[in-house]
Amino acid sequence: MSIARQTVTVALGDRSYPIHIGAGLFRDPACLLPHIRGRQVLIVSNDTVAPLYAAAVRSLLEAGGLSVAAVTLPDGEQFKDWQHLNLIFDALLQARFTRKATLLALGGGVVGDMTGFAAACYQRGVDFVQVPTTLLSQVDSSVGGKTGINHPLGKNMIGAFMQPRVVVIDTDVLATLPAREFSAGLAEVIKYGLIRDLPFLAWLEAHMDALMARDPATLREAIARSCINKAEVVAADELEQNDVRALLNLGHTFGHAIETGMGYGSWLHGEAVATGMLMAADLSWRLGWLSQADVARVRVLLQRAALPVVAPGELAVEDFLRHMAVDKKNVDGRLRLVLLRALGQAVVTDAADPALLRETLAAGAGLGRATVAGGAA
Ligand code: NAD
Ligand code: GLY
């Protein structure tokens with residue numbers, strides 16, 4: 001059987017790994033099995049994804065002679081915490097898994113982040129592989145080794161860098177993804193165009209209708225181009241030490257404030273990032289870096305992807321500022337934001353005038369201004 005596939009490599013020396021992208025990869029043992037070193041595999045999934053796809057993945061592993069156990073977590077960002085992380089350790093210990101075990105993350109970013117963190121901790125580190133099943137996890141969270149859980153006071157505040165040994169992206173699984181989740185994934189796809197890949201931004205503008213229709217070839221190209229961007233950034237700054245990887249956080253400081261302020265699970269991560277990216281574009285316009293037409297271009301593309309472009313009115317400016325103060329990019333109490341010098345050119349800066357930031361927050365939250373720059377939202 002011939003399977004249409006692309007492979008992108010994350011170049012990290014002897015920890016380099018492939019990202020296989022294509023339709024029907026759950027039927028192809030060659031994608032997964034060569035990257036599993038021991039004989040024990042724990043499939044970590046959730047109660048939505050496991051009934052859909054765990055049997056196919058288990059068959060693939062068992063056909064390769066591996067011993068397989070599984071743990072199913074409750075589905076939701078609100079369960080990305082210590083208590084539910086512990087369920088993975090319970091399963092590993094109950095099955096007497098050793099240091100040679102591999103953890104397999106089957107699900108979206110929540111399952112992937114928790115599984116990777118569990119792999120980093122269990123017996124001080126075991127292998128893990130990513131089998132992402134949401135668009136967001138396929139284009140972003142499964143690649144690059146950021147793992148962790150939330151704390152009530154801040155999102156993704158507890159975690160570790162832990163690279164997977166392979167990422168297997170079967171694009172067929174997107175057929176069952178709800179529309180809202182699909183759009184949330186598109187936010188991270190659009191992000192790559194905005195921060196570093198202007199031709200990709202133009203390509204997305206030309207292909208957004210096909211993407212929204214989930215055309216398989218267009219989707220595969222969007223996923224591959226996103227993974228190439230992510231792999232390049234991770235190879236340049238794996239541990240986020242030199243402000244290259246931090247650019248991937250465009251919109252995230254605003255977005256995390258929305259997620260934390262509204263309660264985890266209320267706004268989807270990608271939705272919060274989408275609104276946050278428009279707020280970042282709005283602030284970049286106030287700084288004189290973007291034109292109103294640039295901001296409108298961002299807003300229109302987000303809207304075409306069925307993403308929200310107005311921040312929740314429940315959050316006052318002071319709420320935003322309080323949540324934004326808890327951000328991993330901040331240094332010595334100074335707020336650092338990813339903004340746009342131009343479309344396709346992001347920068348990390350601590351130089352944003354606080355008064356302009358307040359204007360953006362007021363506009364974005366619908367407090368004082370009904371819309372953000374670029375027209376009615
Ligand atoms: P998610 O993991 O909550 O998945 C979204 C929903 O889709 C869930 O209900 C899930 O069960 C369901 N689902 C998953 N695959 C499905 C499928 N094929 N068919 C039907 N339903 C399916 O959310 P997400 O958007 O994938 O990930 C968001 C998380 O990722 C957040 O916690 C965020 O912090 C994290 N994240 C991490 C990184 C990173 O670099 N590690 C990057 C971006 C986001
Ligand atoms: N999603 C942000 C990062 O991987 O750095």
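Every value quoted in this text rests on a predicted model; they were computed, and no experiment measured them. Just so you know, ligand 1 is whichever comes first in the structure, and atom 1 is the first atom listed for that ligand.
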Q. Who's closest to atom 20 (C) of ligand 1 heavy-atom-wise, of L268, T176, D170?
A. T176
Q) When you look for heavy atoms under 4.0 Å from ligand 1, do you find them on the side chain of V110, its backbone, both, or neither? A) both
**Q.** Minimum-distance protein heavy atom relative to atom 26 (O) of ligand 1
**A.** T134 OG1, 2.6 Å
Q.
At under 4.0 Å between heavy atoms, is it the side chain or the backbone of P178 that contacts ligand 1, or both, or neither?
A. side chain
Q) How close does the nearest protein non-hydrogen atom get to atom 4 (O) of ligand 2, and which residue and atom is it? A) K230 NZ, 2.6 Å
(Q) For L283, run the side chain to side chain contact (heavy atoms under 4.5 Å, CB included) check against D353, T349, L337 and tell me which one passes. (A) L337
Q.
With heavy-atom distances below 4.5 Å as the criterion, would you say the side chains of R225 and V189 are in contact?
A. no
Q) For atom 28 (C) of ligand 1, which candidate among D75, L136, D113 holds the nearest heavy atom? A) L136
Q. Roughly how far, to the nearest 0.5 Å, is CH2 of W82 from CG of N150?
A. 12.0 Å
Q. Nearest to atom 33 (C) of ligand 1, what protein heavy atom do you find, and at what distance?
A. K155 NZ, 3.6 Å
Q) How long is the gap from CG on L42 to CZ on F97, to the nearest 0.5 Å? A) 5.5 Å
Q.
Checking contacts here: is it the side chain or the backbone of K146 that comes within 4.0 Å of ligand 1, counting heavy atoms only? Could be both or neither.
A. both
Q. By number and element, which atoms of ligand 1 are closer than 4.0 Å to a non-hydrogen atom of K80?
A. 31 (C), 32 (O), 33 (C), 34 (O), 35 (C)
Q.
I'd like to check L85 versus F89 (side-chain heavy atoms, cut-off strictly below 4.5 Å). Are they in contact?
A. yes
Q. Thinking salt bridges, do R180 and E271 make one under a 4.0 Å N-O criterion?
A. yes
Q: Pull out every atom of ligand 2 sitting under 4.0 Å from any heavy atom of K146, numbered as shown with elements.
A: 2 (C), 3 (C), 4 (O), 5 (O)
Q) What do you reckon, does D140 have a nitrogen or oxygen under 3.5 Å from a nitrogen or oxygen of ligand 2? A) yes
Q. Which of the atoms of ligand 1 are close to D140, meaning less than 4.0 Å from one of its heavy atoms?
A. 42 (C), 43 (C)
Q: Please could you name the atoms of ligand 1 that Y53 approaches to less than 4.0 Å, counting only its heavy atoms?
A: 18 (N)
Q. For P308, does its backbone N or O pair with a side-chain atom of T275 as donor and acceptor, under 3.5 Å?
A. yes
Q) Going by distance only, is there an N or O of R245 that falls short of 3.5 Å from an N or O of ligand 2? A) yes
**Q.** Distance filter under 4.0 Å to E181 heavy atoms, resulting ligand 1 atoms
**A.** 5 (C), 6 (C), 7 (O)
Q: Tell me which protein heavy atom sits closest to atom 31 (C) of ligand 1, plus the residue, atom name and distance to 0.1 Å.
A: E77 OE1, 3.1 Å
Q: Check each of G109, G148, G76 against atom 30 (O) of ligand 1 and report the one with the nearest heavy atom.
A: G109
Q | T133, portion touching ligand 1 at heavy-atom distance under 4.0 Å | A | both
Q) Looking just at side-chain N and O atoms, do H323 and T260 make a donor-acceptor pair shorter than 3.5 Å? A) no
Q.
Once rounded to the nearest 0.5 Å, what's the spacing between atom OG1 of T147 and atom CG of D113?
A. 7.0 Å
Q) So is K230 close enough to ligand 1, meaning a heavy atom under 4.0 angstrom away? A) yes
Q. How close does the nearest protein non-hydrogen atom get to atom 13 (N) of ligand 1, and which residue and atom is it?
A. V49 CG2, 3.7 Å
Q: Look up atom NE2 in H35 and atom OH in Y17, then write down how far apart they are to the nearest 0.5 Å.
A: 12.0 Å
Q: Would you tell me whether N229 and K191 have side-chain atoms, one donor and one acceptor, within less than 3.5 Å of each other?
A: no
(Q) Testing the basics here: between G144 and V234, what is the closest heavy-atom pair and its distance to 0.1 Å? (A) CA-CG2, 3.7 Å
Q) Between H256 and H252, what is the ring plane arrangement, given parallel below 30°, perpendicular above 60°, and tilted in between? A) perpendicular
Q: For N156, counting its heavy atoms only, list the atoms of ligand 1 lying under 4.0 Å from any of them.
A: 34 (O)
Q: Look at atom 22 (C) of ligand 1 and say which protein heavy atom is nearest, naming residue and atom and giving the distance to 0.1 Å.
A: L177 CD1, 3.7 Å
Q. Are L32 and L61 side-chain neighbours, meaning at least one heavy-atom pair lies under 4.5 Å?
A. yes
Q) Closest non-hydrogen protein atom to atom 42 (C) of ligand 1, residue and atom name please, with distance? A) S141 CB, 3.4 Å
Q: Please say whether N46 places an N or O atom under 3.5 Å from an N or O atom belonging to ligand 1.
A: yes
Q) Under 3.5 Å between some N or O of ligand 1 and some N or O of L52? A) no
Q) Are any of the side-chain heavy atoms of L106 and V44 separated by less than 4.5 Å? A) no
Q) Going by the atom numbers of ligand 2, which of them fall below 4.0 Å from some non-hydrogen atom of L248? A) 2 (C), 3 (C), 4 (O), 5 (O)
